[in-house]
Protein chains: 2
Amino acid sequence: MVTTVTNTEPRRRNRRGEGGKLREEIIEAAVALLDEGGDERAVTLRSVARKVGIAAPSIYPHFSDQPSIMLAVVQREMDSLTSVLREADENAAPDARARLFAVCNAYLDFARQHPQRYRIMFGGLWTPSTEDTSITDADLDSLGVAAFTLLVEVLGACVEEGIAHGSDDLFGDSVALWLGLHGLAHQRAVVRKMPGPDDVGDRLITALAHLK
Amino acid sequence: MVTTVTNTEPRRRNRRGEGGKLREEIIEAAVALLDEGGDERAVTLRSVARKVGIAAPSIYPHFSDQPSIMLAVVQREMDSLTSVLREADENAAPDARARLFAVCNAYLDFARQHPQRYRIMFGGLWTPSTEDTSITDADLDSLGVAAFTLLVEVLGACVEEGIAHGSDDLFGDSVALWLGLHGLAHQRAVVRKMPGPDDVGDRLITALAHLK
DNA sequence: CTCGTGAACTTACGGGCGTTAGCTTATGTC
DNA sequence: GACATAAGCTAACGCCCGTAAGTTCACGAG
């Protein structure tokens with residue numbers, strides 16, 4: 001079922017000074033196109049415009065080119081992911097082990113609930129080699145730092161509480177833990193059905209965090 | 001540098017009965033386009049034809065559509081990966097620990113040497129939702145089974161030799177190990193530079209195989 | 001030598017894309 | 001009520017894509 005609504009009716013123009021609203025609508029439309037299940041090829045400048053109900057060139061005052069729409073989407077979703085993780089951390093029981101599992105499972109849940117978003121967030125193909133686009137390396141490097149920092153913090157708490165055999169390299173251990181989570185999250189996002197037991201997630205966490 | 005050779009000169013026609021040769025040439029051209037560093041969007045039916053030096057419609061006798069070229073590429077590369085792993089296994093010292101590290105590192109090396117290939121092999125976006133294409137679910141499910149089986153075998157050897165705390169679920173443990181490897185391999189294939197220590201790979205293997 | 005046929009070609013259609021240039025119209029101030 | 005301007009529109013450009021239809025040409029069997 002391809003829902004190409006086309007949206008006739010020329011759209012109620014935004015009030016003076018509220019032109020910026022359109023920027024948000026554009027990002028949301030791009031996310032919606034992703035969620036609808038097609039791959040990221042479905043997110044073109046024109047398809048986004050159609051979804052919002054505006055003419056294609058009306059995007060240019062808000063985004064310099066198509067890749068920068070994608071960058072905005074990824075940045076927004078990274079922020080969203082960070083919020084989800086923080087919330088999970090705060091709602092968890094105050095002991096380090098519970099916090100670690102809460103955060104890691106929240107991560108996995110996010111990926112499961114929004115596979116398409118997860119794919120472009122970490123799939124790395126939305127940047128056509130960083131030539132010809134307005135995207136800088138700094139833009140890319142800063143992605144996901146906040147979320148990762150939270151993971152480091154929670155794993156660090158486990159070491160401090162003595163429930164994990166911390167090596168002398170907390171950062172490296174955190175990277176390894178994240179890579180495991182990412183492997184599972186990505187694979188789930190990509191294939192229809194994952195083989196393996198249901199508790200793979202917990203096994204990964206336990207093994208990679210070196211929980212006692 | 002975009003090498004669009006265009007290749008005038010109408011190509012030496014294949015001998016009778018050797019039409020199948022072209023099929024291989026098409027797959028190799030597609031792989032070459034990938035390796036040249038563009039993303040998979042660079043692999044279009046027409047660009048492949050240009051690379052081979054044939055007219056675009058000449059592909060149809062060999063592949064029913066563009067996605068099936070991609071499927072053939074992935075199948076070929078999966079076979080190639082399996083060979084690489086088997087070779088690494090056979091050339092390793094005969095003890096289980098050495099075999100495990102040899103196979104896992106060979107996996108990681110493959111991904112590092114051919115990041116673009118790895119991306120489409122496991123990136124899962126080359127199938128436009130399996131509608132409108134000639135690709136079946138069986139095609140997809142059978143991918144990579146041979147390579148994974150080898151991993152199960154090698155990890156099993158570790159448990160048998162008593163150098164790994166095997167749980168009662170060898171298959172599940174193997175999935176977890178593979179997911180860790182995949183997370184690292186994929187991330188390396190996707191970003192310019194991976195943060196974290198150089199020995200993340202070994203850490204992942206040690207932790208996920210539960211080596212003593 | 002003929003001639004069927006497999007292998008690949010030429011031409012062409014219709015469609016989607018990103019982007020540029022210039023126009024229209026609602027808004028809210030004076 | 002006039003009018004400056006922000007907000008968005010229409011039209012059009014050139015490009016590349018996938019695919020259909022019909023054509024040419026060399027191989028090799030008879």
Side-chain angles (χ1 to χ4, degrees), chain A residues 2 4-26 29-30 33 38-72 126-129 131-135, chain B residues 2 4 6-26 29-30 33 38-71 126-129 131-135:
Chain A
V2 184
T4 323
V5 189
T6 322
N7 224 343
T8 182
E9 299 212 28
R11 167 195 172 80
R12 238 191 114 71
R13 179 177 308 201
N14 275 322
R15 298 281 225 350
R16 280 261 179 135
E18 297 185 345
K21 269 190 183 170
L22 187 48
R23 191 189 153 90
E24 279 310 306
E25 285 185 61
I26 290 169
L33 282 170
D39 59 33
E40 57 271 39
R41 278 187 290 251
V43 185
T44 70
L45 196 145
R46 284 179 117 109
S47 71
V48 169
R50 273 193 299 270
K51 190 94 189 171
V52 180
I54 60 177
S58 303
I59 290 184
Y60 284 94
H62 303 283
F63 296 94
S64 57
D65 49 18
Q66 188 265 359
S68 62
I69 300 180
M70 282 316 217
L71 176 62
W126 44 276
T127 150
S129 76
E131 304 167 35
D132 321 327
T133 86
S134 57
I135 298 179
Chain B
V2 185
T4 324
T6 323
N7 226 346
T8 179
E9 299 212 28
R11 170 195 171 79
R12 242 192 109 70
R13 180 174 306 199
N14 275 321
R15 298 274 224 359
R16 279 264 176 131
E18 297 185 343
K21 270 190 183 171
L22 187 49
R23 192 188 153 89
E24 280 310 306
E25 285 186 60
I26 290 169
L33 282 170
D39 59 34
E40 57 272 38
R41 277 186 291 249
V43 185
T44 71
L45 198 145
R46 283 180 119 108
S47 70
V48 170
R50 272 194 300 269
K51 191 96 191 169
V52 180
I54 59 176
S58 303
I59 290 185
Y60 283 96
H62 303 283
F63 295 94
S64 57
D65 48 18
Q66 190 264 1
S68 61
I69 300 181
M70 282 316 216
L71 175 62
W126 45 275
T127 148
S129 78
E131 305 166 35
D132 320 329
T133 86
S134 55
I135 297 179

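All chains are named by letter (A, B, ...) in the order of the sequence lines, taking the proteins before the strands, and each is independently numbered beginning at 1.
When distances are taken from the side chain of A/Ile54 to each of C/dT19, D/dC9, C/dA8, the shortest belongs to D/dC9. Looking at the side chain of B/Thr44, the nearest of the listed nucleotides D/dC17, C/dT10, D/dT19 is D/dC17.
Note: CD (A/Gln66) to C1' (C/dC17) measures 10 Å, nearest angstrom. Taking atom CD of B/Glu25 as the reference point, atom C1' of C/dA8 lies 12 Å away to the nearest angstrom. If you take CZ of B/Phe63 and C1' of D/dG18, they are 16 Å apart, rounded to a whole angstrom. If you take CZ of A/Arg50 and C1' of C/dG16, they are 8 Å apart, rounded to a whole angstrom. Nucleotide C/dT19 holds its C1' atom 9 Å from the CZ atom of A/Arg46, rounded to whole Å. In this structure, A/Leu45 atom CG and C/dT19 atom C1' are separated by 9 Å, rounded to whole Å. For B/His62 and C/dA7, the NE2 to P distance is 7 Å, given to the nearest whole Å. As rounded to whole Å, 10 Å separates atom C1' of C/dT19 from atom CG of A/Asp65.
Close to D/dT19, at under 4.0 Å from its OP1 or OP2, lies a side-chain N or O of B/Tyr60.
Across B/Ala56 and B/Leu45, no two heavy atoms sit closer than the pair O-CD2, 3.6 Å. Residues A/Leu33 and A/Ala42 approach most closely at CD1-O, 4.1 Å, considering heavy atoms.
Put simply, the side chain of B/Val48 does not reach to within 4.5 Å of the side chain of B/Lys51, judged on heavy atoms.
Using a 4.0 Å heavy-atom cutoff across all strands shown, B/Pro57 reaches at least one base atom of the nucleic acid. Within the 4.0 angstrom heavy-atom criterion, base atoms lie near A/Ser58.
Judged by distance alone, the side chain of A/Gln66 and the main-chain N or O of A/Arg46 form no donor-acceptor pair under 3.5 Å.
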